[in-house]
*Asks:* 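Structure incoming, see below.
Counting starts at 1 for both ligands and their atoms, following the listed order. Treat the numbers as computed from the prediction; the structure is a model and nothing was measured.
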Amino acid sequence: MGPTGPSIDEDAIVSLTRGLVHCDTSNPPGNEEAAAHFLGDHLAHKGIAVEYLQVEPDRAILLARLPGFERTGSVVLSGHLDVVPAQEPGWTYDPFTATQVGDRLIGRGTADMKGGLAAMAVAMIALQRSGFRPRADLVFVASVGEERGMVGARHLAASGVLQDCAFLVVGEPTGLDVCPAQRGILVFRLTVHGRTAHSSMPELGVSAVSYLARAITALETHQFAYQENELLGAPSVNVGVIEGGVAPNIVPDRCSATMSIRLVVGQTLGQVETKVETYWCRQMYLERGRTAHRIDNTV
Ligand SMILES: [Zn+2]
């Protein structure tokens, strides 16, 4: 590396971001393969070794590597190719065109996080062109399915390709602040099945709405066990969607809530899921023992 370090091609960052935005990777369904090849072709053209991991049809993870002297302790630059669907009203520009307005690019995923992927790819090219040879491998990963489903992260973990990783930098937008820690998340839907009746004789029914309301309060005030952590704080619960009931004069026999719990150090997905389930079941049993419930964590 020269005394001033490798020079960054800013125009290349803009054009790669625009090209990536042109590839509609709205998830669902994702269809990230074209975007992976667009970026991979550019890196390969610059002499960087690339490979692809096929996760599902039309969904491929891009891996690029600057080889180091040592086999372990690699540094990974990571990001996701998929974006959330551009269904919000009020778009004044085509979300998949990446229109330049002043010094801003407007389009779906310019910030989250095709701009980040383009910046990391160009940084890698700059390092390679400067003749820099890292101590351990420098690996660039453009993954799939981050906005929903996490299929890319699961595939990467199962494939073991990042086994030797010592450091991982995620290029998510954080306003250029360094974000050294991130809480985990458990997303699930709870469905309560009660028994319907006419509202004139509610004692003949079991209100699914009432049960779920009480269970939500219980969950929101539950003291989950966790380890104190200065960066991450405490776990938290958010009830995002609730659906149930038909009419004011009918005891509702079904109600569901989709919610998320943010996890911190000292908690695992399995433990929290078990806790929710046992807590929930016990609540049901104590109160009447006549309802059924279902937890669906695939939402
Ligand atoms: Zn993101």
*Asks:* Between Arg65 and Asp137, is the closest basic N to carboxylate O distance under 4.0 Å?
*Replies:*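 A salt bridge links Asp137 with Arg65.
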*Asks:* Sort by chain and number the protein N/O/S atoms that are closer than 2.8 Å to the Zn ion (ligand 1), and list them.
*Replies:*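 Listed by chain and number: His80 NE2, Asp112 OD1, Glu172 OE1, Glu172 OE2.
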*Asks:* How does the hydrophobic cluster around Ile250 look, that is, which other residues are in it when side-chain heavy atoms under 4.5 Å mark a link?
*Replies:*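 Same cluster as Ile250: Val246.
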*Asks:* Quick one: list whatever passes salt bridge (charged side-chain N to carboxylate O under 4.0 Å, His left out) with Arg59, sequence neighbours left out.
*Replies:*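 Arg59: salt bridge (charged side-chain N to carboxylate O under 4.0 Å, His left out) contacts with Glu32, Glu56.
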*Asks:* Are any side-chain N or O atoms of Thr25 and backbone N or O atoms of Leu81, one a donor and one an acceptor, separated by less than 3.5 Å?
*Replies:*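 Looks like yes, one N/O pair under 3.5 Å.
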*Asks:* Holding to ring pair (Phe, Tyr, Trp, His ring centres under 6.0 Å), I want the full list of residues that pass it with His37, two or more places apart in sequence or in another chain.
*Replies:*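 Ring pair (Phe, Tyr, Trp, His ring centres under 6.0 Å) list for His37, sorted by chain: Tyr52.
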*Asks:* Do the side chains of Glu88 and Arg108 get close enough for a salt bridge, i.e. N-O under 4.0 angstrom?
*Replies:*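 The answer is yes: the pair qualifies as a salt bridge.
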